[in-house]
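Working notes for the structure below.
Just so you know, residue 1 is the first one in the sequence shown, and it goes up from there.
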Amino acid sequence: MPLDRTSAFYEENAEKYAKRARSLPKQQLDAFLAGLAPGAAILELGCGGGQDSAYMLAQGFDVTPTDGSTELARQAEALIGRPVRVMLFQELDADSAFNGVWAHASLLHVPRPELPDVFARIRRALRTGGIIHATFKAGGAEGHDGFGRYYNYPSADELSALLTKGGWHDITIEENDGGGYDGEPTRWITVMAHR
């Protein structure tokens, strides 16, 4: 399974990864939060070190942080002072429980064949009109980075087709250049869509 090496990376490097110098994606966070009512319920998928959850909590939102890595969840709990649920995306089983789902640089690890199911689970977890924010590393075929982490590397067109077929609406997709933990130049795709 392609996630084995990915999971191992996050378990073995959790403290270093969680405490790395990282710019908060403030512009994207603020754009996401602006579409939600004050105090709205947000599910964060793949919270990493917990910085994004900490920001959303400080803005008064009701955040449920999750991560697939036990060790990263521990790091996030230490930062935000609340429990972090250890859960894989494929285990999400909530029904109309959240107003927003924040999945920043996390769903990019979902094996390509499992993406439709994961998006369907997210859609089910959202209330009507709920919003998802997700970012992906752009590409054309799945692969691994220098750390052995798996990436699905979709194109913007693939994501648009997948979301449209999945019943999402008001889909906006933007691309920009940036970097990642591996220090490599990265083309990022940012997706926002409504249930």
Side-chain angles (χ1 to χ4, degrees), residues 2-3 6 9-10 17-18 20-36 42-56 61 63-69 72 76 87-90 92 98 100-112 114-116 118-123 125-126 130-145 147 149-164 166 168 170-195:
L3 287 184
T6 306
F9 169 85
Y10 290 113
Y17 184 81
R20 74 198 185 282
R22 173 185 181 258
S23 298
L24 199 70
K26 193 170 177 313
Q27 190 175 356
Q28 293 175 325
L29 276 161
D30 289 342
F32 170 71
L33 297 175
L36 298 171
I42 297 170
L43 172 67
E44 182 172 10
L45 294 173
C47 71
Q51 296 90 346
D52 295 1
S53 276
Y55 180 81
M56 293 186 283
F61 289 89
V63 183
T64 301
T66 69
D67 202 274
S69 161
L72 269 178
M87 178 191 82
L88 298 176
F89 311 125
Q90 296 86 340
L92 177 61
F98 301 98
V101 170
W102 179 259
H104 195 78
S106 59
L107 299 181
L108 39 64
H109 292 311
V110 175
R112 275 180 170 239
E114 296 175 30
L115 266 175
V118 168
F119 271 117
R121 287 173 180 274
I122 292 168
R123 192 168 179 275
L126 283 168
I131 307 170
I132 181 176
H133 162 97
T135 57
F136 295 84
K137 291 186 177 188
E142 58 193 342
H144 295 82
D145 71 1
F147 294 109
R149 297 179 298 175
Y150 168 86
Y151 287 91
N152 45 37
Y153 294 122
S155 70
D157 288 344
E158 287 171 320
L159 285 171
S160 179
L162 177 65
L163 290 164
T164 301
W168 296 86
D170 298 331
I171 301 164
T172 58
I173 298 178
E174 296 175 358
E175 293 189 56
N176 58 49
D177 293 315
Y181 183 74
D182 60 5
E184 297 295 320
T186 303
R187 184 77 172 163
W188 285 97
I189 301 173
T190 301
V191 173
M192 283 250 286
H194 290 73
R195 181 185 193 278

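- For Asp30, the salt bridge (charged side-chain N to carboxylate O under 4.0 Å, His left out) partners at least two apart in sequence or on another chain are Lys26.
- The closest donor-acceptor contact from the side chain of Trp168 to the backbone of Leu162 lies at 3.5 Å or more, if one exists at all.
- Remark: the backbone N or O of Thr6 is not paired with any side-chain donor or acceptor of Arg149 at under 3.5 angstrom.
- Annotation: Phe9 is not in aromatic contact with His109 [ring centroid separation under 6.0 Å not met].
- A cation-pi arrangement is present between Arg20 and Tyr17, with the terminal nitrogen or guanidinium carbon under 6.0 Å from the aromatic centre and inside a 45° cone about the axis.
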- Item | Test log, rule side-chain hydrogen bond (donor to acceptor under 3.5 Å, both in side chains), inputs Glu142 and Tyr150 | CA-CA 8 Å; Glu142 58 193 342; Tyr150 168 86; 2.5 Å; yes
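- The shortest non-hydrogen separation linking Ser53 to Pro65 is OG-CB, 3.4 Å.
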- Decide yes or no on side chain to side chain contact (heavy atoms under 4.5 Å, CB included) for Leu43 and Val63, but give the supporting numbers first. CA-CA 6 Å; Leu43 172 67; Val63 183; over 6 Å; no
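- Here the CD1-CD1 distance, from Ile122 to Ile132, works out to 4.0 Å after rounding to the nearest 0.5 Å.
- Separating the CE atom in Met87 from the OG atom in Ser69 is a distance of 13.5 Å, to the nearest 0.5 Å.
- In this structure, the separation between CG on Asn152 and CG on Leu107 is 8.0 Å, given to the nearest 0.5 Å.
- Among the candidates Val191, Leu33, Thr190, Val101, the single residue satisfying the side-chain contact (heavy atoms from CB on, under 4.5 Å) test with His133 is Thr190.
- Across all their heavy atoms, Leu72 and Ala18 have their closest contact at CD2-CB, 4.0 Å.
- Remark: Phe89 engages no residue in a ring-ring contact (aromatic ring centres under 6.0 Å, His included) (not counting sequence neighbours).
- In this structure, Tyr55 has no ring-ring contact (aromatic ring centres under 6.0 Å, His included) partners at least two apart in sequence or on a different chain.
- Test Arg22, Gln28, His104 against Asp52 for side chain to side chain donor-acceptor pair (under 3.5 Å) and you get one pass: Arg22.
- Counting heavy atoms from C-beta outward, Val118 and Gln90 have side chains that approach closer than 4.5 Å.
- Note that CG of Asp67 is 8.5 Å distant from CD of Glu44, once rounded to the nearest 0.5 Å.
- Looking at every heavy atom in both residues, Arg112 comes nearest to Ala141 through NH2-N, 3.8 Å.
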- Message: The test is side chain to side chain contact (heavy atoms under 4.5 Å, CB included); show your working for Ile171 and Met192 and say whether it passes.
- Response: CA-CA 6 Å; Ile171 301 164; Met192 283 250 286; over 6 Å; no
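- Residues passing the side-chain hydrogen bond (donor to acceptor under 3.5 Å, both in side chains) test with Asp177, sequence neighbours excluded: Arg187.
- Contacts of Phe61 classified as ring-ring contact (aromatic ring centres under 6.0 Å, His included), with partners at least two apart in sequence or in another chain: none.
- Both tests do not hold together for Lys137 against Tyr153: distance to the six-membered ring centre under 6.0 Å, angle to the ring axis within 45°.
- Side chain of Glu158 to backbone of Ser155: a donor-acceptor contact under 3.5 angstrom is found.
- At most 12 non-hydrogen atoms from other residues, nucleotides or ligands lie less than 6.0 angstrom from CD of Glu174.
- Of the possible polar contacts, none joining the Ser160 side chain to the Ala156 backbone as a donor-acceptor pair under 3.5 Å is found.
- Closest approach of Leu92 and Ala125 over heavy atoms only: CD2-CB, 4.0 Å.
- With rounding to the nearest 0.5 Å, the separation of CG in Leu159 from CD1 in Ile189 is 5.0 Å.
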- Task: Show your reasoning for whether side chain to side chain contact (heavy atoms under 4.5 Å, CB included) applies to Leu115 and Phe136.
- Result: CA-CA 12 Å; Leu115 266 175; Phe136 295 84; 4.3 Å; yes
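- A donor-acceptor pair under 3.5 Å links the side-chain atoms of Arg195 to the main chain of Leu126, judged by distance alone.
- Rounding to the nearest 0.5 Å places CG of Leu36 at 9.5 Å from CE of Met56.
- Judged as a ring-ring contact (aromatic ring centres under 6.0 Å, His included), and not counting sequence neighbours, the contacts of Phe32 are Trp102.
- Checked against a 6.0 Å centroid threshold, the rings of Tyr181 and Phe147 count as neighbours.
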